[in-house]
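Data first, discussion second: the structure below is written as structure tokens.
The first residue in the sequence is number 1, and the count goes up from there.
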Amino acid sequence: MATNGDNLPIMAKKTKPAYITRLRAGRGAKKTTRPSTAAKVAKAPVAVKAKLKEIPREFPGKLLDQDAARVVRRLSEAGHEAYLVGGCVRDLLFGLLPKDFDIATSATPQEIRRLFRNCRIIGRRFQLAHVFFRDKILEVATFRAPVAETNALHNGDGSDNNGDSGENGTLLIRDDNTFGTSEQDALRRDFTVNALFYDVEKQLILDWVGGVKDAEKRMLRTIGDPDIRMREDPIRMLRAVRLSSRLGCKVDRKTAKAIETHAAEVLDAAAPRIHEDLLRMFAGGAMAPAFDRMIETRLLEVILPELFDHLSLAVKAGDNDEVEALREALKVADRWTHAGRKLEPAVRFALLLAPALLTPLDDTSKRDAGSQVTALLKPIAQRIALSKRECERIRQILLALDKLAPRKKRRRFSVAALVKRAYFPDALDLFELMSEATGDFREDAARWRERFRELFPEGTAPEEAKPKRRPPRRRRGRRS
Ligand code: ATP
Ligand code: MG
């Protein structure tokens with residue numbers, strides 16, 4: 001696939017980008033049907049054949065985290081197997097700087113704790129060791145057994161895992177407690193490029209699943225049958241979109257097909273995990289391509305039907321500006337991320353949801369606008385686990401935009417009071433971002449920034465005073 005200047009994938013030359021075609025088709029154009037229970041059982045996972053390849057690979061020392069390398073060495077010296085694993089090995093292979101380094105080992109959490117003073121065991125369902133350093137925490141996990149061993153299949157017993165639930169339950173992973181070998185640990189991971197172990201001492205990649213070859217082909221592929229892997233844990237569909245967008249790589253044909261087939265099941269994943277993955281799309285600086293891929297794969301229409309319908313209606317009416325404006329804004333968010341400018345979660349969601357939340361307000365009086373945004377946010381909040389506080393902040397930020405943009409006629413308001421509001425920095429971030437995306441209101445954005453700096457040279461507004469709570473009424477002692 002071709003890449004643009006930012007090394008992100010761009011569409012092959014077509015008359016229309018795929019996401020526009022998808023929007024034109026509208027919601028439910030090709031309904032995904034959930035497989036029947038019989039089909040689910042028939043599709044029980046087949047054991048993936050694994051054959052170990054050891055591939056010599058030298059990564060420049062400055063790309064490796066030296067503390068992580070030391071932890072690995074210490075574990076090896078104590079007689080355990082220990083490797084760098086997962087996202088960091090993948091990122092190194094793709095020529096990216098890993099953001100964190102995870103470690104996998106044959107040592108049990110208790111054995112790890114005995115080796116490191118600065119170590120704490122966390123987790124109940126699956127214990128992990130956290131090794132603490134001044135500036136970071138390294139996660140050291142004992143090799144896990146594959147899903148079939150821990151018995152995720154066909155249990156339908158209502159027990160929970162990661163909070164997942166739903167009628168897809170027969171395949172959802174529900175228990176995760178057994179330690180395993182490095183091979184088993186590799187096989188239970190999601191994508192081949194995520195299942196590589198790096199032996200720091202020998203400078204060898206241990207590859208059970210053909211991940212190195214896939215990384216060289218710039219290809220994201222599930223380990224094993226993609227239909228089963230997506231149904232086991234539907235969040236993997238969002239992970240596929242997020243990772244392929246960030247890595248600028250293709251998604252293997254069968255994996256992509258499985259995502260399309262099972263898109264409707266993404267809501268079987270726990271809402272907080274969907275919330276987290278959407279935020280991670282922004283944090284990885286690849287929200288714009290991820291947005292296109294969410295439209296193409298139908299994930300957007302399942303997770304945020306309000307936004308999908310809004311954009312889709314516009315496109316069907318011959319107006320592509322609405323979706324293009326949002327894409328542009330997401331690209332600015334990505335540029336800011338690459339430049340080290342971070343957006344608060346509420347700003348990220350406000351940006352993504354703005355077209356769906358703000359447009360209906362055109363016919364609404366100012367007074368009703370707040371309650372209308374709150375009402376529109378309610379079903380969205382349930383699907384993606386937005387907290388009450390986040391919803392409130394999103395509402396405040398979006399409604400503040402109207403005050404930040406210049407108007408000829410409007411009710412007077414106190415500029416100083418607005419700048420002092422706790423939500424003002426977030427609202428100004430969004431206003432600046434939108435003005436950079438559209439080219440409108442640049443001077444106004446600069447003026448508001450200046451005002452904010454004058455009042456708060458430190459850069460942060462004071463937290464809004466919370467309404468004072470009445471002290472709880474004292475209970476009288478029970479009379480006997
Ligand atoms: P990022 O760079 O965004 O952190 P990552 O691949 O490191 O990406 P993590 O969520 O940190 O993502 O997960 C670490 C590793 O755990 C992954 O590389 C993968 O091997 C495994 N993993 C994470 N989520 C899943 C999942 N849902 N199913 C199977 N394996 C998973
Ligand atoms: Mg990671």
Side-chain angles (χ1 to χ4, degrees), residues 8 86-87 90-91 96 98-100 102 136-137 139 162-164 190-191 194 233-247 259 263 266-295 297 299-308 326-327 329-357 377-398 423 425-427 429-430 432-434 437:
L8 297 172
R90 176 202 65 215
D91 286 356
L96 301 170
K99 67 174 168 42
D100 46 32
D102 294 331
K136 65 182 156 252
I137 299 172
E139 197 170 284
N162 304 326
D164 285 350
D190 47 5
F191 304 108
N194 278 350
D233 184 358
I235 205 71
R236 290 175 185 148
M237 296 188 265
L238 270 188
R239 288 178 55 81
V241 163
R242 172 164 67 78
L243 292 172
S244 63
S245 304
R246 187 165 79 77
L247 299 168
I259 298 174
V266 72
L267 295 180
D268 288 343
R273 295 179 78 200
I274 299 180
H275 177 279
E276 188 197 335
D277 236 87
L278 291 173
L279 288 181
R280 286 174 82 178
M281 285 179 190
F282 278 100
M287 189 59 203
F291 170 72
D292 293 346
R293 287 175 184 212
M294 278 202 290
I295 295 176
T297 52
L299 287 169
L300 190 76
E301 70 186 70
V302 176
I303 298 172
L304 297 172
E306 299 80 359
L307 178 62
F308 181 86
L326 178 55
R327 263 188 106 230
L330 296 174
K331 279 188 191 170
V332 174
D334 288 342
R335 280 206 296 276
W336 284 14
T337 304
H338 290 294
R341 182 166 174 185
K342 230 180 120 191
L343 292 170
E344 287 298 319
V347 182
R348 301 181 206 178
F349 285 122
L351 170 59
L352 185 62
L353 296 171
L357 297 180
L377 267 172
K378 208 170 167 197
I380 301 176
Q382 275 181 354
R383 256 178 266 122
I384 63 173
L386 293 172
S387 66
K388 274 215 174 101
R389 213 189 150 101
E390 272 173 321
C391 287
E392 173 63 3
R393 187 47 66 90
I394 293 168
R395 185 184 70 83
Q396 290 168 326
I397 299 172
L398 288 176
Y423 61 75
D426 288 348
D429 273 349
L430 185 61
E432 280 178 336
L433 195 153
M434 287 181 157

Decide yes or no for Phe191 and Arg239: does some side-chain heavy atom of the first lie under 4.5 Å from some side-chain heavy atom of the second?
yes
Work out which heavy atom in Ala354 is nearest to a heavy atom in Leu398; give both atom names and the distance.
CB-CD2, 4.0 Å
The side chain to side chain contact (heavy atoms under 4.5 Å, CB included) partners of Ala333 (sequence neighbours excluded) come to Phe282, Leu343, Leu351, Leu433
Rounding to 0.5 Å, atoms CD1 (Ile235) and CG (Asp190) come to a distance of 11.0 Å
With sequence neighbours left out, what residues match Phe291 under ring-ring contact (aromatic ring centres under 6.0 Å, His included)?
none
Could you tell me whether Glu392 and Arg395 have a side-chain N and a carboxylate O separated by less than 4.0 Å?
yes
Are the side chains of Asp233 and Arg273 in contact, using a 4.5 Å heavy-atom criterion?
yes
Would you compute the distance between atom CG of Leu238 and atom CZ of Arg293 and round it to the nearest 0.5 angstrom?
13.5 Å
Pairing of Arg327 and Asp292 as salt bridge, 4.0 angstrom limit
yes
Could you tell me whether Lys136 atom NZ has more than 12 heavy atoms of other residues or ligands within 6.0 Å of it?
yes
Do Glu390 and His275 have side-chain heavy atoms sitting under 4.5 Å apart?
yes
Which heavy atom of Ala381 sits nearest to which heavy atom of Cys391, and what is that distance?
CB-SG, 3.7 Å
Starting at CG of Leu247, measure out to CZ of Arg242 and round the result to the nearest 0.5 Å.
9.5 Å
From CA spacing to verdict: side-chain contact (heavy atoms from CB on, under 4.5 Å), Met294, Leu304
CA-CA 10 Å; Met294 278 202 290; Leu304 297 172; over 6 Å; no
Between Asp429 and Arg341 (salt bridge meaning N to carboxylate O under 4.0 Å), is one present in this structure?
yes
Spacing of CD1 belonging to Ile303 relative to CD1 belonging to Ile384, to within rounding of 0.5 Å
8.5 Å
State, with a plain yes or no, whether a side-chain heavy atom of Phe308 is found less than 4.5 Å away from one of Val302.
no
Report the distance from atom CG of Asn194 to atom CG of Asp102, rounding to the nearest 0.5 Å.
10.5 Å
